Amino acid sequence: MMIIMKTEATENELNDVISSAEAQGVRTHVIYGAERNVVGVVGDIRGLDREAIAMMPGVDHTMPISRPYKLASREFQKDNTVFNVNGVKVGSDEILIIAGPCSVESRAQLLEAAYAVKEAGAHALRGGAFKPRSSPYAFQGMGEAGLELLAEARELTGMPIVTEVMAPDQVELVAKYADVLQIGARNMQNFNLLHAVGKTDKAVLLKRGMAATAEDLLMAAEYVISNGNRRIMLCERGIRTFETATRNTTDINAIPVLKAQTHLPVFLDPSHSTGKTEYVTAIARAAIAAGADGLIVEVHPHPEQAVSDGAQSYKPEQFADMVKQVHAIAEAMGRKVPQH
Ligand code: PEP
Ligand code: MN
């Protein structure tokens, strides 16, 4: 439910409304608008005396939120959520490009990748230290040693780091190093993990599960946001279909669908959604044309030696060419790709 305050409502009236709602066992989240403030009420609202709240001083009216996700919905917040990642205002007219290897493999590999993607125009560095692999015998990531290398790469390049956290009991450790916590496709509905990252002050890159609907993704985001963390980037990374020509099928529809239904920024991962370098740039262009707020792309200095996802990882020069093309599409769309 939303409690829409009057334009002239005072801070005390707002605080009284919040206290009264919370005393009835629900949680509140305030959107401070230019004109008026709106209080989002979530939790079990069955016991809430809606009429009494509507009559409190400073309250204009109350309104139910029809979507199953509440705080993540555009119905609740009309304006885009905008937050800063390395000087790029994500969710505004600016496009954020995240790039780097699938896995952190060694100091030399990571630093070479980091300098190269920065040079080509990336704003943030990706790299997995904890890897969700289909086989338990495949490389599982360097763990904390990988996080230390990411922190060193940030120190040397100034780029913030995006890295995956796979389990609730890893959140504290990964959050010590990461700027953005990535939730992988396989963990999109790991609700304990979503609660845990929702309690941190780190931005979250939430990837769509490979068999999840756009609504499932938004419900997952609701877990994070209802814990108080509003800095969420949603990420389309391809879904499983009957098509075998590509690793996954990019659901390009998801970009305008999500942009219509949520105020959260929407990203696309053209590497995992295609699985083949030959298609990555086309899908990166399509993402920006469809209205995406950013991209996350796999780049490896020597893809043929990559321990994971080599077939979809760009060489630095291929990535640089993709960035140029993305700039052109962004410009056509009236958007900017900030240069550092
Ligand atoms: C990744 O980003 O390397 C990754 C494992 O992605 P996803 O969770 O989308 O498969
Ligand atoms: Mn990967």
Side-chain angles (χ1 to χ4, degrees), residues 96-105 109-110 113 117 122 124-136 138-143 146-147 150 161-167 170 174 178-190 193-194 197 203-214 216-217 220-221 224 232-241 246-252 254-255 258 266-277 279-280 283-284 287 292 294-315 319:
L96 181 81
I97 302 177
I98 304 165
C102 179
S103 302
V104 179
E105 298 168 12
Q109 172 250 15
L110 185 67
V117 299
L125 177 67
R126 64 149 290 151
F130 294 97
K131 294 303 301 178
R133 303 304 300 280
S134 300
S135 164
F139 176 65
Q140 305 284 308
M142 288 181 73
L147 297 174
L150 285 163
I161 57 183
V162 181
T163 194
E164 180 159 355
V165 55
M166 286 175 52
Q170 272 173 4
V174 179
D179 301 286
V180 178
L181 298 171
Q182 177 175 324
I183 304 288
R186 291 156 192 81
N187 263 322
M188 189 204 81
Q189 286 185 317
N190 181 338
L193 181 60
L194 298 172
V197 299
V204 174
L205 179 87
L206 178 60
K207 299 187 88 174
R208 178 181 182 178
M210 55 192 88
T213 63
D216 294 334
L217 175 60
V224 179
I232 304 166
M233 297 171 247
L234 302 172
C235 183
E236 165 62 34
R237 46 78 73 206
I239 50 176
R240 280 269 168 95
T241 69
T246 48
R247 181 179 179 185
N248 290 293
T249 298
T250 312
D251 179 10
I252 204 75
I255 306 287
L258 291 169
V266 177
F267 278 59
L268 190 134
D269 174 342
S271 309
H272 290 86
S273 73
T274 61
K276 294 182 181 168
T277 49
Y279 306 126
V280 168
I283 298 306
L295 298 166
I296 177 165
V297 184
E298 287 189 337
V299 181
H300 193 291
H302 309 284
E304 65 291 349
Q305 292 166 21
V307 298
S308 60
D309 289 351
Q312 66 191 35
S313 296
Y314 263 163
K315 293 183 183 137
F319 173 66

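Here the structure is a predicted model, which is why all the values come from computation and not from measurement. Residues: numbered from 1 along the sequence shown. Just the heavy atoms: all of them, side chains too, but no hydrogens, waters or symmetry mates, feed the values below. Remember, it's 1-based here, ligands and their atoms both numbered in the order they're listed.
- In terms of polar-atom proximity, C102 is not counted as a contact of ligand 1, lacking any N or O under 3.5 Å from an N or O of the ligand.
- Proximity of a side-chain donor or acceptor of N187 to a complementary backbone N or O of N190 within less than 3.5 Å is not detected.
- D309 contributes atom OD2 as its closest N/O/S atom to the Mn ion (ligand 2).
- Here is the list of ligand 1 atoms found below 4.0 Å of a heavy atom in K131: 1 (C), 3 (O).
- Between the side chain of T163 and the main chain of G127, a donor-acceptor pair closer than 3.5 Å is present.
- Atom 3 (O) of ligand 1 has its nearest heavy-atom neighbour, among R126, Q182, E164, in R126.
- Q305 places no side-chain N or O within 3.5 Å of a backbone atom of V307 that could act as its donor or acceptor partner.
- Not a single heavy atom of G128 sits under 4.0 Å from any atom of ligand 1.
- Neither the backbone nor the side chain of M210 has a heavy atom within less than 4.0 Å of ligand 1.
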>> Assess the residue pair K207 and H272 against the criterion (side chain to side chain contact (heavy atoms under 4.5 Å, CB included)); give the C-alpha distance rounded to whole Å, side-chain angles, the decisive distance to 0.1 Å, and a yes or no.
In response: CA-CA 11 Å; K207 299 187 88 174; H272 290 86; 3.8 Å; yes

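- Not one N or O on the side chain of T241 forms a donor-acceptor pair closer than 3.5 Å with the backbone of T249.
- Between D309 and R247 there is a salt bridge, since a side-chain N of the basic residue sits under 4.0 Å from a carboxylate O of the acidic one.
- With ligand atoms numbered from 1 in the order given, ligand 1 contributes 8 (O) to contacts under 4.0 Å with heavy atoms of G184.
- Every atom of ligand 1 with a heavy atom of R237 under 4.0 Å away is listed here by number and element: 7 (P), 9 (O), 10 (O).
- Look at R208 and you'll find every heavy atom at least 4.0 Å from all atoms of ligand 1.
- A donor-acceptor pair under 3.5 Å links the side-chain atoms of E236 to the main chain of D251, judged by distance alone.
- Ranking protein heavy atoms by distance to atom 6 (O) of ligand 1, first place goes to K207 NZ, 3.0 Å.
- Considering just the N/O/S atoms of E298, the one nearest the Mn ion (ligand 2) carries the name OE2.
- Looking only at protein heavy atoms, the nearest one to atom 8 (O) of ligand 1 is A185 N, 2.7 Å.
- Ranking protein heavy atoms by distance to atom 4 (C) of ligand 1, first place goes to H272 NE2, 3.4 Å.
- Side chain of Q140 to main chain of A138: a donor-acceptor pair is present (N/O by atom type, distance under 3.5 Å, no hydrogens or angles).
- Within ligand 1, counting atoms from 1 as listed, the ones closer than 4.0 Å to a heavy atom of R186 are 7 (P), 8 (O), 10 (O).
- One N or O on the side chain of R126 and one on the backbone of P101 form a donor-acceptor pair closer than 3.5 Å.
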